[in-house]
Novice: 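Dropping a structure here in structure tokens format, bear with me for questions.
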Amino acid sequence: MKRSLAFGGLVATAGLLAAGLATPAQATNTVSSDTLANTNLAAQEVAAFWYGEAKANLINATPYGVETTKVTAKHVSTGGPSADTKPGVVPAIGDEKKVAAKSKNVNLPKTSGKVFFIGADNRPHWCTATSVQSGYKNLVATAGHCVYDTGANAATLDRWVFVPGYYQGKTPWGIYVGKQAFTHYDYDVYEDGDRDYAFVTVYNGVLPESVSADRNYESKVFRTRAEAEKELRRLQADKSTGWSDLKIVEVRGGRDDHHGRGDHRGRDNDRGRDHDRGYKVAVTVSEFSKLNPGKDLTGNGPWALGTGADAAVEISKGDYRSDRDSYVSRDGSTLYFRTAVDTRPGDGDGHHHGGGKGDGKGGWGDHRDVTTPTPSTESSPTATPTPTATSDADRHGDHGRPERVYKYFKRTFWATKQQQGVGGYKIVGRKLAIGLKDVGRLGDNVGGQGLAYNQKLGKPVFVFGYPSGTHPDGNNAFTGKTLKYSYGKTFAAQAPEIKGEELQGIKSPFTGEGSIGSSWLLNYQSARRVGYLNGVTIGLADTDKNGRIDTSLSPYFDGETYGVYKAAANLWSGKIV
């Protein structure tokens with residue numbers, strides 16, 4: 001194995017059925033955990049997201065495909081996974097004191113279902129998963145890349161929920177919102193295929209008790225688009241929200257009756273009196289330029305009625321990020337410009353300063369004696385340090401004249417809401433609102449499979465999942481709508497293409513991304529619908545190259561898998577409503 005761990009006191013159980021299990025010492029630095037929804041409010045919003053809009057997100061979700069799903073046949077070969085300690089099991093819920101029994105019929109387990117989430121492409125997707133035994137009956141197992149966002153190299157996938165027994169929009173036992181995800185350190189950091197599994201604690205399940213209703217949402221008015229965009233990003237990243245269709249809209253000008261009358265007393269270059277300030281909002285340089293066509297924005301106006309420019313603020317040369325005479329900040333809110341300062345009066349460069357505040361002491365002159373071109377309202381193409389300013393003479397090869405010296409400024413602009421034009425920006429959208437009721441713990445409702453690790457290869461297992469899609473030859477074998485099973489014996493496998501050197505395989509016709517996360521159950525007892533989870537599907541292959549998927553692959557469950565499981569198995573989640 002890739003790691004060598006010392007476990008002690010592990011007891012092999014005959015027939016894989018036992019009332020208890022000696023616990024091996026948990027390895028250090030092998031378990032990674034990440035929060036999915038860390039508050040009750042966050043979990044409520046996640047559940048509302050999937051129940052809202054007549055469950056449209058559940059119904060429209062598609063199987064999740066990432067680069068690890070389909071494995072090239074030439075990259076699948078026999079390998080050598082081996083046990084790192086003695087075999088061990090954790091009995092299934094309700095099976096702690098029962099003995100093995102045989103059944104001719106194959107009853108599908110209630111523990112299987114689908115996990116839904118928002119993928120790296122920001123669309124709803126699903127994988128297969130199963131409930132497993134745990135101290136608080138609140139644990140789900142699936143493939144690691146159905147929890148961790150390897151597609152976007154982010155932490156975890158958003159709005160993660162488990163729905164046991166899901167079928168075409170039906171959630172018979174409710175939705176269980178993920179609280180905390182656990183995986184092996186090597187998968188979290190290196191995306192190691194040998195560790196592509198995850199255990200997720202979930203809150204109590206919820207079902208809707210009232211009809212879903214979408215509430216229209218409208219934010220406060222932001223002075224600049226940059227401020228609105230910042231708030232939009234916060235809402236989109238906040239896992240405690242149930243927002244949808246969020247977008248930024250312009251707030252147009254016009255009569256504002258906040259005080260019962262309009263305000264027409266705006267004066268050029270005047271912010272107005274205190275009672276007027278509520279009517280003024282910041283505008284971008286482009287918007288201000290449209291309201292003041294042909295005006296030199298570096299000057300002092302006069303400006304159009306209801307508009308004005310803030311006093312220019314002098315900045316350092318290092319803060320000026322262009323070699324042009326003017327440019328606009330990337331968010332469009334600020335104009336940056338420079339003015340030439342004569343090295344001596346009448347030096348022939350066409351510029352001459354009078355006295356007053358423009359005398360080089362950092363003040364702001366009226367610039368009527370300075371020829372300054374109207375600035376470009378295009379944003380600066382790069383945010384690089386300002387090159388050293390050079391004189392016109394230097395650029396033409398005349399080194400006898402002194403280098404031109406500049407002073408650097410920035411300024412912002414405003415307009416009253418009475419001015420026809422953009423008065424600000426706000427975010428609009430919808431917030432999903434739905435009444436929820438608690439339906440209890442996952443394990444109490446559907447049970448939970450046991451866990452088996454360090455088992456010998458060659459044993460028969462059942463694979464339960466939601467296969468979907470076509471074989472390579474185009475045959476559409478599975479729809480992904482209903483739970484299916486396959487049966488076979490495990491064998492050693494390798495798949496370097498997905499960093500899998502110590503995998504196990506099984507002959508299975510399961511197709512498509514929907515089968516990812518399927519549970520591999522050892523010693524499955526059909527009468528009680530329980531067995532021992534001994535693997536999860538992480539990839540598929542056509543090993544004989546006949547155009548049909550014939551092999552499913554899983555990490556080999558060993559003592560380190562048990563260590564990850566154990567880190568999650570005794571954590572409480574609780575209710576969300």
Novice: Roughly how far, to the nearest 0.5 Å, is CD1 of Ile506 from NZ of Lys459?
Specialist: 14.0 Å

Novice: Could you check Trp126, Phe117, Tyr148, Phe116 and say which one makes a ring-ring contact (aromatic ring centres under 6.0 Å, His included) with Tyr64?
Specialist: Phe117

Novice: Any idea which heavy atoms bring Gly563 and Val31 closest together, and the distance?
Specialist: O-CG2, 3.9 Å

Novice: Ring-plane angle category for Phe510 and Phe478, please: parallel below 30°, perpendicular beyond 60°, tilted otherwise.
Specialist: perpendicular

Novice: Test Tyr453 against every option in Tyr532, Tyr565, Tyr562 by the ring-ring contact (aromatic ring centres under 6.0 Å, His included) rule and name the one that passes.
Specialist: Tyr562

Novice: I'd like to know if the side chain of Tyr485 reaches the main chain of Asn107, judged simply by a donor and an acceptor atom lying under 3.5 Å from each other, with no hydrogens or angles considered.
Specialist: no

Novice: Carefully, step by step, assess Val132 and Thr130 under the rule side-chain contact (heavy atoms from CB on, under 4.5 Å).
Specialist: CA-CA 6 Å; Val132 293; Thr130 188; 4.1 Å; yes

Novice: Less than 6.0 angstrom from the centroid, inside 45 degrees of the normal: does Lys114 satisfy that with respect to the ring of Tyr466?
Specialist: yes

Novice: Can Leu533 and Leu521 be said to form a side-chain contact (heavy atoms from CB on, under 4.5 Å), step by step?
Specialist: CA-CA 5 Å; Leu533 184 68; Leu521 299 184; 4.1 Å; yes

Novice: Could you check whether any side-chain N or O of Trp50 sits under 3.5 Å from a backbone N or O of Arg159, counting only pairs where one atom can act as donor and the other as acceptor?
Specialist: yes

Novice: Can you measure from NZ (Lys456) to OG1 (Thr490) and round to the nearest 0.5 angstrom?
Specialist: 12.0 Å

Novice: Will you find, in the side chains of Thr111 and Gln449, an N or O donor that is under 3.5 Å from an N or O acceptor?
Specialist: yes

Novice: Quick one, Leu503 and Ile538 - any side-chain contact, counting heavy atoms below 4.5 Å?
Specialist: yes

Novice: Spell out, as yes or no, whether a donor-acceptor pair under 3.5 Å connects the side chain of Asn534 to the backbone of Trp520.
Specialist: no

Novice: Can we say Glu218 and Lys426 salt-bridge, meaning some charged N sits less than 4.0 Å from an Asp/Glu carboxylate O?
Specialist: yes

Novice: Please check: side-chain N/O of Ser219 versus main-chain N/O of Ile427, any donor-acceptor pairing under 3.5 Å?
Specialist: yes

Novice: State, with a plain yes or no, whether a side-chain heavy atom of Leu442 is found less than 4.5 Å away from one of Ser134.
Specialist: no

Novice: Examine distances only and state if a side-chain atom of Thr128 and a backbone atom of Gly465 form a donor-acceptor pair shorter than 3.5 Å.
Specialist: no

Novice: Is any NZ, NE, NH1 or NH2 atom of the basic residue among Glu227 and Lys230 found under 4.0 Å from an Asp or Glu carboxylate oxygen of the other?
Specialist: no

Novice: Gln133 side chain to Leu451 main-chain N or O, any donor-acceptor pair under 3.5 Å?
Specialist: no

Novice: Is any side-chain heavy atom of Thr171 closer than 4.5 Å to a side-chain heavy atom of Lys55?
Specialist: yes

Novice: Between the side chain of Ser552 and the main-chain N/O of Leu540, is any donor-acceptor distance below 3.5 Å?
Specialist: no

Novice: Kindly give the heavy-atom pair with the smallest separation between Ser518 and Val463, and that separation in Å.
Specialist: CB-CG1, 3.8 Å

Novice: What's the spacing between Asp194 CG and Gln494 CD if we round to 0.5 Å?
Specialist: 9.0 Å

Novice: Taking all atoms of both residues into account, what is the closest heavy-atom pair of Ser519 and Ser112, and its distance?
Specialist: OG-OG, 3.9 Å

Novice: Do Phe162 and Val115 pass the side-chain contact (heavy atoms from CB on, under 4.5 Å) test, and can you show the C-alpha distance, the side-chain angles, and the key distance before you say yes or no?
Specialist: CA-CA 4 Å; Phe162 176 57; Val115 291; 3.7 Å; yes

Novice: Ignoring hydrogens and geometry, is there a side-chain-to-backbone donor-acceptor pair from Asp196 to Pro555 under 3.5 Å?
Specialist: no

Novice: Do Val106 and Tyr487 have side chains that get closer than 4.5 Å, going by heavy atoms?
Specialist: no

Novice: Answer with yes or no after comparing the ring centroid distance for Tyr524 and Phe464 against a 6.0 Å cut-off, counting only values under it.
Specialist: yes

Novice: For residues Thr142 and Val536, determine if any side-chain heavy atom of one lies less than 4.5 Å from a side-chain heavy atom of the other.
Specialist: no

Novice: Closest approach of Pro460 and Leu522, non-hydrogen atoms and distance?
Specialist: O-CD1, 3.5 Å

Novice: How long is the span from the CG atom in Asp186 to the CD atom in Glu191, to the nearest 0.5 Å?
Specialist: 12.0 Å

Novice: Is there a side-chain contact between Gln455 and Phe557 (heavy atoms, below 4.5 Å)?
Specialist: no

Novice: Within a reach of under 6.0 Å around CZ of Phe462, are more than 12 heavy atoms found that belong to other residues, nucleotides or ligands?
Specialist: yes

Novice: Quick one, Lys484 and Thr479 - any side-chain contact, counting heavy atoms below 4.5 Å?
Specialist: no

Novice: How close do Lys110 and Asn445 get, heavy atom to heavy atom, and via which atoms?
Specialist: NZ-O, 3.8 Å

Novice: I'd like to know if the side chain of Ser573 pairs up with that of Asn138 as donor and acceptor (distance under 3.5 Å, no hydrogens or angles considered).
Specialist: yes

Novice: Quick one: do the Thr543 and Lys507 side chains pair a donor with an acceptor below 3.5 Å?
Specialist: yes

Novice: Are the side chains of Val428 and Lys247 in touch, meaning some heavy atoms are under 4.5 Å apart?
Specialist: yes

Novice: Which atom names give the shortest non-hydrogen contact between Thr511 and Thr470, and what distance separates them?
Specialist: CB-O, 4.0 Å

Novice: Tell me whether Arg548 at atom CZ has more than 12 heavy atoms from other residues, nucleotides or ligands lying less than 6.0 Å away.
Specialist: yes

Novice: Does Trp572 use its side chain to pair, donor to acceptor, with the backbone of Gly135 at less than 3.5 Å?
Specialist: no

Novice: Please report the interatomic distance CD(Gln180) to CG(Asn38), rounded to the nearest 0.5 Å.
Specialist: 9.5 Å

Novice: Once you round to the nearest 0.5 Å, how far does NZ of Lys575 lie from CZ of Arg441?
Specialist: 11.0 Å

Novice: One pair to check against side-chain contact (heavy atoms from CB on, under 4.5 Å): Tyr217 and Leu246. What are the steps and the verdict?
Specialist: CA-CA 9 Å; Tyr217 170 74; Leu246 291 175; 4.3 Å; yes

Novice: So does Asn546 get a backbone contact from the side chain of Asp542, meaning a donor-acceptor N/O pair under 3.5 Å?
Specialist: yes

